Amino acid sequence: MADSDREHVWHPYAAVPSPTPAHVVSRAEGVRLTLADGRELVDGMSSWWAAVHGYNHPRLNRALRDQLEDMAHVMFGGLTHEPAVRLARTLATMTGLPKVFLADSGSVAVEVAIKMAFQFTGRSRLLTVRGGYHGDTFGAMAVCDPVGGMHHLFSGALPRHVFADRPPAVLDGGYLAHLDETVARHACELAAIIVEPVVQGAGGMHFYHPAYLRRLRELADEYGVLLIADEIATGFGRTGELFGCDHAGVRPDIMCLGKALTGGYMSMAATLCTERVAKGVGVLMHGPTFMGNPLAAAVASASLELLGERPWREEVKRIEAGLAEGLAEAARAPGVREVRVLGAIGVIETHEPVDVSKIQDIVIGHGVWLRPFNRLIYTMPPYSIGDDLETITTAMTAAARSLGSA
Ligand code: PMP
């Protein structure tokens, strides 16, 4: 099967055939992935932030099965259904943002947020910060980091937005002044400011001080610009608060959710906004074929219910403490620039880009699945990881120790 995969299948950010074969997974259960050759790996990735409850969860399975008996999908133009309405109601209550657009992936949710801002303001320029990541579609790509992102490949086709510097981890008056100045200079042409709150994910797993988010909220209010919070990675408890914005006590005008929304089961995302924005937008010009998909909506509602029941705050705190302790030794390895932990996110940043295959071989040897990139060996395990966290930190430490050796 691996040979056919190499021959025919595109993988994320890869060529076909891929120089490195993908590992074949035959089963996923709890916090473990079983490979086709029988090896079992503890999952350190939650399938890219999504599977917060672990895999093959009986409650999520049941929600999906029950919904399937009624309907898998119907068009959302002119029709509606209980799973979508129930999910929208729950999300509105959780976020305080009452108007909900159910999109079919995170990138699309970002496109929709951008459209909302453009339609609301009649303007079409955005301000963001360097080091961000918002998705792979064109609107989203244009606000990804201009150096680390894909701007160089598609520069002729991307709109040019305004980039402030990457927000620092610590409080810095100079940076606040830089934000003030950058927003003021461009305010009259801006529709919105778009950022990932507190944690920049795929743009470098960077954590920044919540004061900057607070200042962006103030600046947006002062200049009549909208604030879009891309909570696709940070949402649903991952950073220790329910949403990244909660670290700053800020409510955005528009919020994007995805990834953990369905507990990692189906592709679904949401763009939410205030009453005022929805009124100003009027007819929103977007409508995907699989909008509001009942299966995805049903499993999302079940996942949010489960989140409400599980002590996720304590679990994330415990993971945070376990990561800090378990990765402390890695910080002393010569190839390591920094170890940082926030909520259920643990990051080893290296001095040099890592050899992904080599690091993967090491962590797989320790019974762990991770997907390092660039100068980052990182984990965001399922909240249900329990004692298996130590297996992950041990594997990461071994990987860090190997850096710089042949
Ligand atoms: N925004 C953020 C912050 C993300 O982390 C991602 C996915 N990595 C996206 C948007 C895009 O989501 P999707 O991959 O579902 O299109």
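Ligands are counted one by one from 1 in listed order, and the atoms in each one are counted from 1 as well. Predicted, not measured: the structure shown is a model, and the values here were computed from it.
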Query raised in the report: Can you list the residues that meet the side chain to side chain donor-acceptor pair (under 3.5 Å) rule with Arg340, with sequence neighbours excluded?
Result: Glu338, Glu349
Query raised in the report: Is atom CZ of Arg160 surrounded by more than 12 heavy atoms (other residues, nucleotides or ligands) closer than 6.0 Å?
Result: no
**Report entry** From Leu79 atom CG to His73 atom NE2, the distance as rounded to the nearest 0.5 Å
**Finding:** 9.5 Å
**Report entry** Per-ligand residue contacts, ligand 1, heavy-atom threshold under 4.0 Å
**Finding:** Ser105, Gly106, Ser107, Tyr133, His134, Gly135, Glu196, Asp230, Ile232, Ala233, Lys259
Query raised in the report: Considering residues at least two apart in sequence or located in another chain, which fulfil the ring pair (Phe, Tyr, Trp, His ring centres under 6.0 Å) criterion with His351?
Result: none
Query raised in the report: Does a side chain donor of either Tyr133 or Asp230 reach within less than 3.5 Å of an acceptor in the other side chain?
Result: no
Requested in this report: Could you tell me which residues satisfy salt bridge (Lys or Arg N to Asp or Glu O under 4.0 Å) with Glu390, sequence neighbours excluded, listed by chain and number?
Outcome: none
